[in-house]
Amino acid sequence: MRGNGKENGMLERVRAYVKEHQMIHTGEQIVAGVSGGPDSVCLLFLLKELCGEQGAHLQAVHVHHGLRGEEADGDEAFVRELCAREEIPLRVFGFDVRERAARERLSVEEAGRLCRYEAFRETAAELGGGRIAVAHHADDQAETVLFHLFRGSGIRGVSGMEPVNGDIIRPLLEMRRVVILEWLE
């Protein structure tokens, strides 16, 4: 990645974080969840660079939840164009999240989360295994801890998300959203 010091600083910080937590290994498949929002687009660009350096294979996955009409269609079109331009393989899934939420008596948010992770895991399995990269960042981490605290979790339940949790990796977990947005500019 070429560019100004901000670009290189962000890449260096994420590279060090990924190395510290052993998130990417040579020859490994990395399935990146890409919604089309700034966090996941940042993740995709950084993973393209890091996977290239590590000799890992990057596969993007976009999930259309069937919730936001034309706006969601636009997100899907954007992700398709971005991945084609960057020569990153992409798999797109479509779900009726409202129907699933009603059928399984879940919130729409929880049904959407389940659909996303099913899509990620299905893709990883088709590739012979690998890790799933999601774009959770430091602001999401703070929100998670507060949610657990307000829910009444004990001291162990108040913890936040782990950088690596089984097959899930979170390369941006130490980055603030404002830094992500500045980097994308």
Side-chain angles (χ1 to χ4, degrees), residues 1 6-63 65 75 79 82-83 86 88-91 93 109-125 127 129-149 151 153 156-184:
M1 247 179 205
K6 277 186 188 174
E7 286 181 19
N8 293 332
M10 173 82 142
L11 177 60
E12 289 304 318
R13 286 177 63 191
V14 173
R15 180 185 288 122
Y17 191 70
V18 165
K19 184 177 180 179
E20 174 187 352
H21 296 284
Q22 301 176 11
M23 292 184 190
I24 300 173
H25 301 107
T26 303
E28 190 171 45
Q29 298 287 343
I30 303 294
V31 174
V34 184
S35 66
D39 306 336
S40 68
V41 169
C42 175
L43 177 69
L44 186 68
F45 282 127
L46 293 169
L47 283 175
K48 180 181 179 188
E49 184 75 17
L50 296 173
C51 285
E53 293 171 6
Q54 289 289 103
H57 307 282
L58 179 60
Q59 167 82 43
V61 171
H62 176 78
V63 176
H65 296 86
D75 288 345
V79 171
L82 175 65
C83 287
E86 296 295 321
I88 298 169
L90 171 67
R91 177 121 188 252
F93 289 81
E109 292 79 12
E110 179 64 12
R113 189 184 72 73
L114 290 173
C115 289
R116 284 190 303 278
Y117 281 91
E118 286 170 8
F120 301 156
R121 288 201 167 97
E122 179 180 321
T123 301
L127 295 170
R131 294 193 174 191
I132 297 161
V134 293
H136 294 134
H137 50 74
D139 298 289
D140 295 324
Q141 181 77 302
E143 197 174 286
T144 298
V145 170
L146 286 173
F147 174 76
H148 289 169
L149 183 64
R151 189 178 62 189
S153 296
R156 287 186 54 173
V158 176
S159 65
M161 296 175 279
E162 295 291 327
V164 177
N165 185 2
D167 60 347
I168 307 296
I169 61 173
R170 297 179 175 93
L172 302 180
L173 200 54
E174 282 194 332
M175 304 304 294
R176 297 285 321 270
R177 188 153 201 269
V178 67
V179 173
I180 291 168
L181 295 174
E182 287 173 2
W183 183 80
L184 284 172

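Throughout, residue positions are numbered sequentially from 1 according to the sequence presented.
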Pairwise distance [atom1]([X]) to [atom2]([Y]) - rounded to 0.5 angstrom:
X	Y	atom1	atom2	answer
T26	H57	OG1	NE2	9.5 Å
E110	C115	CD	SG	10.0 Å
I132	T123	CD1	OG1	8.5 Å
E182	C42	CD	SG	11.5 Å
L11	F45	CG	CZ	13.0 Å
L44	L82	CG	CG	5.5 Å

*asked:* With salt bridge (Lys or Arg N to Asp or Glu O under 4.0 Å) as the rule and sequence neighbours excluded, what pairs involving residues 19-38 come up?
replied: E28-R131
*Please tell me if the side chains of Y117 and I168 come closer than 4.5 Å, counting only heavy atoms from C-beta onward.*
yes
*Could you go through the side chain to side chain contact (heavy atoms under 4.5 Å, CB included) check for V61 and E122 one step at a time?*
CA-CA 10 Å; V61 171; E122 179 180 321; over 6 Å; no
*Have a look at P163 and tell me which of M23, H136, R170, E174 forms a side-chain contact (heavy atoms from CB on, under 4.5 Å) with it.*
M23
Heavy-atom closest contact ([X] atom, [Y] atom, distance):
X	Y	result
Q29	G129	CB-O, 3.2 Å
L43	A135	CD2-N, 3.7 Å
P38	L184	O-CD1, 3.2 Å
P171	L47	CG-CD2, 4.3 Å
V41	G36	CG2-O, 3.7 Å
Y17	L173	OH-CB, 3.5 Å

*What pairs with F93 under ring-ring contact (aromatic ring centres under 6.0 Å, His included), at least two apart in sequence or on another chain?*
none
*Under 3.5 Å, is there a donor-acceptor pair between the side chain of H137 and the main chain of R176?*
no
*Could you tell me whether a side-chain N or O of K48 sits under 3.5 Å from a main-chain N or O of E86, the two making a donor and an acceptor?*
yes
*Begin from the C-alpha positions of L50 and I30 and carry the test side chain to side chain contact (heavy atoms under 4.5 Å, CB included) through to its verdict.*
CA-CA 11 Å; L50 296 173; I30 303 294; over 6 Å; no
_Using side chain to side chain contact (heavy atoms under 4.5 Å, CB included), reason through C83 and H62 one step at a time and then give a plain yes or no._
CA-CA 10 Å; C83 287; H62 176 78; over 6 Å; no
_What verdict does the side chain to side chain contact (heavy atoms under 4.5 Å, CB included) test give for L46 and L172, after you've listed the backbone C-alpha separation in whole Å, the side-chain angles of each residue and the deciding distance to 0.1 Å?_
CA-CA 9 Å; L46 293 169; L172 302 180; 3.7 Å; yes
